[in-house]
2 protein chains.
Amino acid sequence: MNTNIIYGHVERLSELLRLDSRTAGLEYGLQPVQLEVLRYLSVSNRFSDTPMAVTEYLGQTKGTVSQTLKVLEKKELLVKKNDEKDRRSTHLVLTEQGQKLLEEIIPSEVFLNACKDLTGSERKDITAALARLILSLLKANNMKTFGVCKTCRYNTRTNTGDYYCNLVKTALSDYEVELICREHQAPEGEV
Amino acid sequence: MNTNIIYGHVERLSELLRLDSRTAGLEYGLQPVQLEVLRYLSVSNRFSDTPMAVTEYLGQTKGTVSQTLKVLEKKELLVKKNDEKDRRSTHLVLTEQGQKLLEEIIPSEVFLNACKDLTGSERKDITAALARLILSLLKANNMKTFGVCKTCRYNTRTNTGDYYCNLVKTALSDYEVELICREHQAPEGEV
DNA sequence: GGATATAGTATCGAGTAAAAACTATCTTGA
DNA sequence: TCAAGATAGTTTTTACTCGATACTATATCC
């Protein structure tokens with residue numbers, strides 16, 4: 001029964017966000033999914049900024065995602081850059097305009113007002129609760145966690161203190177370890 | 001900044017639920033919104049089971065909702081009954097088939113598995129956190145709370161112990177006070 | 001070096017959602 | 001009391017989402 005209540009709440013919250021997102025994107029002619037893609041790309045690292053990564057993130061089909069990206073490209077909110085090593089693959093980079101638009105629209109005025117209504121400890125609780133639920137859902141869906149490198153089991157530090165990814169065998173900058181990676185794996189033992 | 005993280009989490013959760021809902025409804029040819037309408041109607045009271053109430057709940061336009069309802073009616077998951085007093089108004093009643101379908105599909109297997117992963121206290125925390133966030137969002141959107149009569153300021157008890165709504169001036173059964181009402185108002189002081 | 005896997009695109013069809021125009025009924029106020 | 005306006009709901013049109021399917025191009029694996 002408890003589960004039913006949680007489901008109901010998540011459904012309600014989901015609908016409210018969709019409404020908010022739809023309204024926020026409206027004046028720029030952007031759909032909820034398009035905003036979501038922009039937000040994802042703004043925080044994804046260089047191994048995770050491809051159409052296929054977006055596809056996995058959204059859980060949609062690649063054809064659908066391809067369409068969405070085409071629209072965003074046409075609106076000049078992102079550009080496609082060929083991968084130098086793998087010529088099948090393209091990287092999606094937000095344009096300055098795209099980055100700016102995203103910062104303007106999200107979070108929306110309404111969402112910010114809603115958060116103002118919360119105390120600091122409420123925000124902390126809510127953040128933790130959401131993260132916990134998302135993790136369980138991802139696990140149940142056999143979906144990847146899309147966490148940032150800093151929290152990944154593959155991330156290590158060299159004796160000079162630099163970050164190094166053991167999966168792709170590459171050094172990562174202080175900036176990069178804060179970005180989302182499609183290969184992210186929680187440390188063993190955690191969930 | 002905290003706010004940005006919350007927004008991101010809600011967006012992610014929202015996308016995951018949508019995916020779940022889409023998958024769950026797929027084999028019955030039902031869309032996420034349609035499931036949402038069915039779920040709402042299954043827990044709404046006799047003042048809140050009209051197309052207009054659904055419209056308010058979803059935050060969509062009445063034309064859109066009218067389309068959705070038409071589909072559900074055609075699938076024989078609900079029937080429309082004329083209001084006896086106000087002939088403009090119709091009540092939406094789930095058919096046995098509709099009720100059964102809803103119970104079968106929602107929450108989905110995947111969602112249930114995700115919840116199994118949570119401890120009792122985690123569930124409690126998550127439920128509370130979601131409720132808190134939803135309330136703030138509704139407030140910021142100037143939307144109604146859609147709570148159950150039992151928690152409404154208009155709900156009172158007569159000296160015989162029966163429930164009575166001071167807004168619509170009607171007695172309510174023990175069953176009815178557990179249903180959602182579109183006129184729901186939190187007691188004064190609470191948010 | 002040929003089979004297979006992977007990244008991505010193009011097209012089509014079913015469905016969502018808003019906007020605007022419409023009907024029917026109810027309420028209100030001069 | 002009856003005309004004006006408010007309310008409940010439908011229909012039509014248009015733009016967009018998303019999945020399915022079929023397609024091209026490149027990479028990988030025996």
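Each chain gets a letter, A, B and so on, in the order the sequences are listed, and its residues count up from 1. A quick note: this is a predicted structure, and the numbers were derived from the prediction, not measured.
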Problem set entry | A:Val43 with A:Val33, same ILVMFWY side-chain cluster at under 4.5 Å | yes

For this session: Find the distance B:Glu73:CD to D:dT10:P and express it as a whole number of Å.
Result: 8 Å

Exercise. Any side-chain N or O of B:Gln67 under 4.0 Å from OP1/OP2 of D:dG9?
Worked result: no

Exercise. Counting only distance, no hydrogens or angles, is the base of D:dA8 paired donor-acceptor with the side chain of B:Ser89 under 3.5 Å?
Worked result: no

Problem set entry | Residue closer to the 5' end of DNA chain C, B:Val71 versus A:Leu26 (nearest nucleotide) | B:Val71

For this session: Among B:Ile105, B:Leu102, B:Leu92, find the one that has a side-chain contact (heavy atoms from CB on, under 4.5 Å) with B:Leu38.
Result: B:Leu102

Exercise. Rounded to the Å, how far apart are B:Leu19 CG and D:dG19 C1'?
Worked result: 12 Å

For this session: Would you kindly give the CG-to-C1' distance between A:Leu92 and C:dA7, to the nearest whole Å?
Result: 12 Å

Problem set entry | Nearest-Å distance for atom pair CD/P, residues A:Glu27 and C:dA18 | 16 Å

For this session: Quickly work out the B:Phe47 CZ to D:dA8 C1' distance and round it to whole Å.
Result: 18 Å

Seminar exercise, completed: Ranking D:dT11, C:dT16, C:dA10 by distance to the side chain of B:Gln31, first place goes to C:dT16

For this session: Measure from the side-chain heavy atoms of A:Thr90 and tell me the nearest of D:dT10, C:dG8, D:dT17.
Result: C:dG8

Using nucleotides 26-28 of chain C, report all nitrogen or oxygen pairs with the protein that are shorter than 3.5 Å.
from	atom 1	to	atom 2	distance (Å)
C:dC26	OP1	B:Lys85	O	3.4
C:dC26	OP1	B:Arg87	N	2.9

Exercise. With nearest nucleotides of DNA chain D determined for B:Lys70 and B:Arg18 from heavy-atom distances, which residue corresponds to the more 5′ nucleotide?
Worked result: B:Lys70

Problem set entry | Nearest-angstrom distance from the residue atom NZ of A:Lys62 to P of C:dT9 | 10 Å

Exercise. What integer distance in Å separates B:Asp49:CG from D:dA8:P?
Worked result: 13 Å

Exercise. Hey, are the side chains of A:Val148 and A:Cys181 touching, using non-hydrogen atoms and a 4.5 Å cut-off?
Worked result: no

For this session: Could you tell me whether the phosphate oxygens of D:dT10, OP1 or OP2, come under 4.0 Å of any side-chain nitrogen or oxygen in B:Lys80?
Result: yes

Problem set entry | Side chain proximity check, A:Leu16 to B:Leu133, heavy atoms < 4.5 angstrom | no

Problem set entry | Pi-cation contact, B:Tyr57 with A:Arg12 (under 6.0 Å, within 45°) | yes

Exercise. Counting only side-chain N and O atoms of A:Thr64, is one of them less than 4.0 Å from OP1 or OP2 of D:dC18?
Worked result: no

Seminar exercise, completed: Taking for A:Arg22 and for A:Thr50 the nucleotide of DNA chain C with the nearest heavy atom, the one nearer the 5' end belongs to A:Thr50

Exercise. Which residue pairs pass the side chain to side chain donor-acceptor pair (under 3.5 Å) test when at least one of the two sits in residues 22-37 of chain A, sequence neighbours left out?
Worked result: A:Tyr28-A:Glu104

Problem set entry | Ionic contact status for A:Arg88 with A:Asp86, cut-off 4.0 Å | yes

Exercise. What integer distance in Å separates B:Asn82:CG from C:dT25:C1'?
Worked result: 12 Å

Exercise. Looking at A:Met143 and B:Leu19, what are the two nearest heavy atoms and their distance?
Worked result: SD-CD2, 3.9 Å

For this session: Check whether any side-chain nitrogen or oxygen of B:Gln60 sits under 4.0 Å from OP1 or OP2 of C:dA17, and answer yes or no.
Result: yes

